[in-house]
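To keep things clear, I will list the structure first and then write my remarks on it.
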Amino acid sequence: MTPRHIANTPEPPVLLRPRGSNHVGMRQFNERVVLQAIRLNGSLPKADLARLTGLTAQTIGLITTRLEDDNLVIKKSAVRGRIGQPSIPLALNPDGAFSMGIKIGRRSADWLLVDFTGQVRQRHRLDYAFPDIDTLLPTVAVHLQAMHDSLGPLKDRLVGVGLAAPFQMGGWHRMLGLSEAQSEAWNRIDLRAQVQAMTEAPVSFTKDTSAACVAELVAGRGRDLKNFLYLFVDTFVGGGLVINSHLHGGVHGNSGAVASLPMSLAHGTTSAPDQLISHASLWELEQRLSARQLDPHAAYDERALESPFELETRGWIDQAANALAHTVISGTAFLDIDAVVIDGSFSRALLTQLIAATQTCLKAYNWEGLWSANVIAGEVGPDARALGGALLPLHANFAPDRELFLKVGG
């Protein structure tokens, strides 16, 4: 893999580190540059860090000493065999910092504890028909406390909590069979404020599909693609947009809101066309399974492609793939992008078949005047929303490009 160069550019004054952070909080810009170079390229000796960042050897020496003293980087075994002194690579210390990611969805909630290298250390999951506020919020507090306590002497290295949820949890409530009162209860609540009251760690909030897109940008296809439309198939389908390696939030923080894309032309004013949400969401597969007295939760796991669920799943794939193909060509017409990345909260086998069917459907469209779209699978999978939430505090504190994460969540 070609090493990634990290430019050393001017930065505003250094932000003060929060009290009680044990020197783990907001880092100086050049420290962020060095940490990002190691994160992108793996363990590196100081000479390579100087070459990749454009910083002098003396500056690299001072920075890496500070990072070692703060336990953010560790020395690896010396590399011998070359002329001169053996080189000692520096790597991120997995215990250097931690963050938590919480995803609150319409069918499930997930909690992840993530270390400084982005690896998941601990997870909790709760499934439900629809989240009840009075039941879910106390459960959020219990799992937050349990994960924080599990850090033991490393508690002070928790830098934040990232919360991912739909902008309007009560949206499309009629499709889910909810009352107006249930819908309004969720639409009125300030989720970020509720979670912030449970912890002293700073809590950031972003739309769930934007968080999933962040995870794909940082830990998945975004390592190679600079511009892509991201589609995430969940209970309700959603999406995100990456332009020049930045998550593009849009004026209202809702860029990539593909769920609302109309599937046909409107005729008159009596009825609006169906939206993508009605054709490419796992909610539709749930309904198909329920109609045959089958467990609707099978839509989210390996059973979906097994008997007796497979017949309904294949019918859903045909419908969803056609709708996704329409979305792909529409997105390609508006955005000159490298690829369309599709992922979801289902099995990887189902994702593979859905993408193959979508690629087949794309052949039926007229591509005159357009570049052919490259449709590929996401790499993160069902963890994407919670992982994206967990990555927000880590990158807000340690990545040189704070702009990307300031855009998230509108």
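Below, all heavy atoms of this structure are taken into account, side chains as well, without hydrogens, waters or symmetry copies. When a residue number appears, it is its place in the shown sequence, counting from 1.
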Ionic contact status for Arg66 with Asp69, cut-off 4.0 Å: no
Any sub-3.5 Å donor-acceptor pair from Arg107's side-chain atoms to Tyr300's backbone N or O? no
Identify, with sequence neighbours excluded, every residue that meets salt bridge (charged side-chain N to carboxylate O under 4.0 Å, His left out) alongside Asp338. none
For residues 381-390, the side-chain hydrogen bond (donor to acceptor under 3.5 Å, both in side chains) pairs (sequence neighbours left out) are Arg123-Asp383, Asp234-Arg385
Before giving the answer on side-chain hydrogen bond (donor to acceptor under 3.5 Å, both in side chains), spell out for Asp295 and His297 the whole-Å C-alpha distance, their side-chain angles and the decisive distance to 0.1 Å. CA-CA 5 Å; Asp295 182 4; His297 290 100; 3.3 Å; yes
So how far is it from Leu225 CG to Glu216 CD, rounded to the nearest 0.5 Å? 8.5 Å
Please check this pair: side chain of Thr332 against backbone of Val328, looking for a donor-acceptor N/O pair closer than 3.5 Å. yes
Where the side chain of Gln275 meets the backbone of Met263, is there a donor-acceptor pair that is under 3.5 Å apart? no
Heavy-atom side-chain contact between Val159 and Asn397 under 4.5 Å: yes
Please check if the side chain of Thr139 supplies one atom and the backbone of Thr135 the other of a donor-acceptor pair under 3.5 Å. yes
Just do the side chain to side chain contact (heavy atoms under 4.5 Å, CB included) check on Leu191 and Leu137 with the steps written out, would you? CA-CA 9 Å; Leu191 266 180; Leu137 289 179; 4.2 Å; yes
Lys103 side chain to Ser108 main-chain N or O, any donor-acceptor pair under 3.5 Å? yes
ring-ring contact (aromatic ring centres under 6.0 Å, His included) partners of His124, counting only residues at least two apart: His143
For Ala357, the side-chain contact (heavy atoms from CB on, under 4.5 Å) test, sequence neighbours excluded, returns Ile317, Ala321
Quick one, Arg39 with Leu35, criterion side chain to side chain contact (heavy atoms under 4.5 Å, CB included). Give me CA distance, side-chain angles, the key distance, then yes/no. CA-CA 6 Å; Arg39 186 177 297 279; Leu35 289 170; 6.0 Å; no
Does a side-chain heavy-atom distance below 4.5 Å link Phe236 with Trp283? yes
Would you check if Ile376 and Arg221 make a side-chain contact, meaning some heavy-atom pair closer than 4.5 Å? yes
Less than 4.5 Å apart, any side-chain heavy atom of Ser278 and any of Glu284? no
Only counting residues at least two apart or in another chain, list the ones meeting ring-ring contact (aromatic ring centres under 6.0 Å, His included) with Phe346. none
Keeping Ser290 on the side-chain end and Gln287 on the backbone end, is there a donor-acceptor pair under 3.5 Å? no
Without swapping roles, check the side chain of Glu31 against the backbone of Leu67 for a donor-acceptor pair under 3.5 Å. no
4.5 Å side-chain heavy-atom contact, Leu294 and Pro308: yes
Shortest non-hydrogen contact from His326 toward Ser330: O-OG, 2.8 Å
Would you please name every residue forming a side-chain contact (heavy atoms from CB on, under 4.5 Å) with Gln119, sequence neighbours left out? Asp115, Thr117
Compare all side-chain heavy atoms of Val114 with those of Leu387 and state whether any distance is below 4.5 angstrom. yes
Is there side-chain contact between Leu154 and Phe98, with at least one heavy-atom pair below 4.5 Å? yes
Can you sort out the partners of Asp274 under side-chain contact (heavy atoms from CB on, under 4.5 Å), two or more places apart, ordered by chain and number? His279
Atom CG of Leu92 and atom CG of Leu72: how far apart are they, to the nearest 0.5 Å? 8.5 Å
Measure the shortest side-chain to side-chain distance between Leu231 and Leu229 over non-hydrogen atoms and say whether it is less than 4.5 angstrom. yes
Who passes side-chain contact (heavy atoms from CB on, under 4.5 Å) against Asp336, sequence neighbours left out? Trp371
Do the charged groups of Arg125 and Asp127 touch, with an N to O distance under 4.0 Å? yes
Taking every heavy atom of Arg121 against every heavy atom of Asp95, the minimum-distance pair comes out as NH2-OD1, 2.7 Å
Non-neighbouring partners of Lys76 that pass salt bridge (charged side-chain N to carboxylate O under 4.0 Å, His left out), sequence neighbours left out: none
Worked check of side chain to side chain contact (heavy atoms under 4.5 Å, CB included) between Val340 and Asn374: CA-CA 6 Å; Val340 176; Asn374 183 23; over 6 Å; no
Axial cation check for Phe309 ring with Arg303, 6.0 Å and 45° limits: yes
Might you point out which heavy atoms bring Ala323 and Ala280 nearest each other, and give the distance in Å? CB-CB, 4.4 Å
Tell me, with the steps shown, if Asp110 and Ile102 meet side chain to side chain contact (heavy atoms under 4.5 Å, CB included). CA-CA 6 Å; Asp110 294 280; Ile102 305 173; over 6 Å; no
Euclidean distance, Leu247 CG relative to Leu241 CG, rounded to 0.5 Å: 8.0 Å
Go through the structure and list residues passing salt bridge (charged side-chain N to carboxylate O under 4.0 Å, His left out) with Arg314, not counting sequence neighbours. Glu310
Give, for atom CG of Leu261 and atom CG of Leu324, the distance between the pair rounded to the nearest 0.5 Å. 10.5 Å
Give a yes or no answer on whether the side chain of Ser210 reaches the backbone of Thr206 with a donor-acceptor pair at less than 3.5 Å. no
Measuring from Phe334:CZ to Ile329:CD1, what's the distance to the nearest 0.5 Å? 12.0 Å
Pairs flagged by salt bridge (charged side-chain N to carboxylate O under 4.0 Å, His left out) wherever residues 316-335 is involved - sequence neighbours left out: none
Salt-bridge test for Arg348 and Asp343: reply yes if a basic N is under 4.0 Å from a carboxylate O, no otherwise. yes
Tell me the closest heavy-atom pair linking Ala377 and Leu351, and the distance in Å. CB-CD2, 3.9 Å
What heavy-atom pair brings Leu136 and Ala109 nearest, and what distance separates the two atoms? CD1-CB, 4.2 Å
Quick check: closest heavy atoms across Ala211 and Gly389, and the distance to 0.1 Å? CB-N, 3.9 Å
Pairs meeting criterion salt bridge (charged side-chain N to carboxylate O under 4.0 Å, His left out) with involvement of residues 137-150, two or more places apart: Asp149-Lys155
Is there a donor-acceptor contact under 3.5 Å from the side chain of Ser99 to the main chain of Gly160? no
Got a donor-acceptor contact below 3.5 angstrom from the Trp316 side chain to the Ser281 backbone? yes
Find the distance between CG (Leu112) and CG (Leu391) and round it off to the nearest 0.5 Å. 9.5 Å
